Amino acid sequence: MEEAGGGRGFSASEHQHCRHNPLRDEWVLVSAHRVRRPWRGQLEQPPAEDVPRWDPANPLCPGATRANGEVNPHYEGTFVFPNDFPALQPDSPAPGDSDHPLFQAAAARGVCKVMCFHPWSDLTLPLMSLAEIRAVIDAWAELAAELGASYPWVQIFENKGEMMGCSNPHPHCQVWASSFLPNEARLEERTQRQYRHRHGVPMLLEYAEQEARRKERLVVENEDWLVVVPYWATWPFQTLLLPRRHVLRLQDLRDSERDSLASIMQRLLIKYDNLFQVSFPYSMGWHGAPTGPHLQEDCGHWQLHAHYYPPLLRSATVRKFMVGYEMLAQAQRDLTPEQVSVEGTRHGDCPQDRPLAEHPPIWSLQAAERLRSLPEVHYKQRRRDGEGCGV
């Protein structure tokens with residue numbers, strides 16, 4: 001395993017150290033030895049497996065009535081509509097001038113939309129066909145172009161699972177377009193611009209090339225894309241989805257790249273679900289070059305990418321909490337991006353039934369290798385095919 005720092009006697013999997021996240025210009029404390037501690041904290045309920053395919057009371061289902069009285073069409077593919085409770089509105093008045101530098105306010109305008117991926121509530125992206133995922137990608141690109149014609153930032157994001165605050169199991173995402181660059185966008189704008197100025201190449205284009213060559217943190221790849229557990233990952237099974245070609249925005253993707261994106265997303269998300277044999281919760285979102293007035297600027301320092309932030313740590317019932325030190329000092333993780341302790345799966349024994357902390361780990365694998373080695377056939381399909389629940 002590649003040892004961060006490479007000092008004499010140092011082992012990244014045994015000794016605490018800090019890693020720099022160049023995209024956010026911040027450091028992450030890695031304390032791999034802490035994952036051995038017994039867990040006596042909160043246990044989450046695994047996601048429900050019995051979601052009805054169609055529920056007339058679910059406001060996201062075809063033909064259902066939403067809170068504002070609107071009736072959804074009987075859609076058969078993706079469905080986009082204005083968020084009934086938007087965080088941003090296009091005609092909100094601007095606040096007045098501040099009378100003190102400690103009390104500043106600024107105008108915030110925009111639009112918020114909801115996009116349903118599929119008419120069935122019991123399907124998630126990893127269970128959808130490649131053609132259905134491709135339709136989602138096309139809808140993302142269309143919305144990014146449409147809203148990006150006038151707004152400087154279009155944030156596409158999906159919160160999957162109750163653990164990530166999702167209030168509705170129907171497969172969907174949100175799209176918020178804002179009149180300003182949000183904090184994360186401003187930060188990535190600065191770090192990527194500085195990196196290209198200093199090194200002459202876009203940061204994430206070079207990063208993708210490095211990870212493709214090193215392969216240590218590589219999870220899945222194809223001719224156009226790769227997914228890695230980033231060197232600076234904060235969340236236990238965090239991943240970063242990157243194109244191999246220099247691409248600024250979703251709407252710039254070629255037809256073939258959209259097809260290969262559908263494939264690699266499906267492969268990654270199946271592996272996520274197979275890890276603990278549950279519908280894997282996460283928050284994900286796309287970051288690309290700013291739009292609106294920035295369309296006429298040189299944004300060559302940007303590289304399109306997607307972040308996946310899953311909260312689960314040891315099992316389907318044990319999650320990572322960002323509290324205490326993480327809130328007051330800096331991000332900290334209990335295992336390296338390369339390594340995670342996993343317990344062997346006994347015949348007929350499902351991982352979600354036994355938190356890993358209950359027993360000492362019997363082998364260690366790199367985190368990326370752990371994800372990479374998982375089957376690319378969904379566990380629900382394997383159960384239907386009579387292969388049991390072992391991974």
Side-chain angles (χ1 to χ4, degrees), residues 47-92 108-151 153-179 250-251 258 261-262 265-266 269 273 278-286 291 306 308 378 380:
E49 295 272 354
D50 56 349
V51 176
R53 178 155 294 182
W54 183 81
D55 180 357
N58 187 329
L60 298 186
C61 282
T65 302
R66 303 202 305 275
N68 64 355
E70 294 279 341
V71 178
N72 295 335
H74 290 276
Y75 63 92
E76 297 181 351
T78 59
F79 171 51
V80 179
F81 62 93
N83 193 314
D84 297 330
F85 303 97
L88 293 164
Q89 297 178 325
D91 52 1
S92 177
R109 301 185 178 93
V111 296
C112 298
K113 294 182 179 290
V114 176
M115 187 178 96
C116 296
F117 297 154
H118 196 279
W120 295 356
S121 294
D122 59 345
L123 279 191
T124 55
L125 281 170
L127 294 170
M128 290 165 55
S129 70
L130 289 177
E132 290 167 336
I133 299 174
R134 167 63 195 265
V136 170
I137 293 167
D138 287 341
W140 280 343
E142 182 178 339
L143 282 169
E146 173 192 333
L147 298 173
S150 52
Y151 288 102
W153 190 256
V154 180
Q155 184 59 65
I156 298 169
F157 65 97
E158 178 194 5
N159 293 325
K160 183 189 175 197
E162 291 183 359
M163 201 178 295
M164 301 309 292
C166 182
S167 59
N168 193 312
H170 194 91
H172 71 285
C173 72
Q174 299 190 54
V175 184
W176 293 12
S178 62
S179 61
L250 267 171
Q251 54 268 43
R258 296 185 186 195
L261 175 57
M265 283 177 55
Q266 184 188 63
L269 297 179
D273 280 9
V278 294
S279 184
F280 204 68
Y282 59 75
S283 283
M284 70 81 63
W286 286 99
T291 50
Y308 283 86
H378 200 275
K380 289 185 176 180

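Nothing fancy with the numbering, it's 1 onward along the sequence. Bear in mind that the values here come from a model prediction, so they are computed numbers and not experimental data.
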Check whether any side-chain heavy atom of [X] sits under 4.5 Å from a side-chain heavy atom of [Y], and report yes or no.
X: Val80; Y: Glu142; result: no
X: Cys173; Y: Trp140; result: yes
X: Asn58; Y: Asn168; result: yes

Checking side chain to side chain contact (heavy atoms under 4.5 Å, CB included) between Phe117 and each of Thr124, Val136, Thr78, Leu60, which is the one that passes? Val136
Summary of salt bridge (Lys or Arg N to Asp or Glu O under 4.0 Å) pairs that have at least one residue in residues 126-137, sequence neighbours excluded: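 Sorted pair list: Arg134-Asp138, Arg134-Asp255, Arg134-Asp259.
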Partner residues of Trp176 under the side-chain hydrogen bond (donor to acceptor under 3.5 Å, both in side chains) criterion, sequence neighbours left out: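 Expected list: Gln174.
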If I compare all heavy atoms of [X] with all of [Y], which pair ends up nearest, and what's the gap?
X: Pro281; Y: Gly161; result: CB-CA, 4.5 Å
X: Glu158; Y: His172; result: CG-O, 3.5 Å
X: Pro82; Y: Arg66; result: O-NH2, 4.3 Å
X: Phe85; Y: Asn83; result: N-OD1, 2.8 Å
X: Ala139; Y: Met115; result: CB-SD, 3.5 Å
X: Lys113; Y: Leu147; result: CE-CD2, 4.1 Å

Nearest 0.5 Å please: distance from the [atom1] atom of [X] over to the [atom2] atom of [Y].
X: Ser279; Y: Leu123; atom1: OG; atom2: CG; value: 10.5 Å
X: Arg258; Y: Ile133; atom1: CZ; atom2: CD1; value: 15.0 Å
X: Arg53; Y: Asp122; atom1: CZ; atom2: CG; value: 4.0 Å

Strictly distance-based, threshold 3.5 Å: is any side-chain N or O of [X] a donor or acceptor partner for the main-chain N or O of [Y]?
X: Thr291; Y: Tyr151; answer: yes
X: Asn159; Y: Ser283; answer: no
X: Asp55; Y: Cys61; answer: no
X: Arg109; Y: Ser92; answer: yes

Check the pair Tyr308 / Lys160 against side-chain contact (heavy atoms from CB on, under 4.5 Å), numbers first and verdict last. CA-CA 11 Å; Tyr308 283 86; Lys160 183 189 175 197; over 6 Å; no
Between Phe81 and Phe79, is the ring pair (Phe, Tyr, Trp, His ring centres under 6.0 Å) condition met? List the steps. CA-CA 7 Å; Phe81 62 93; Phe79 171 51; 5.1 Å; yes
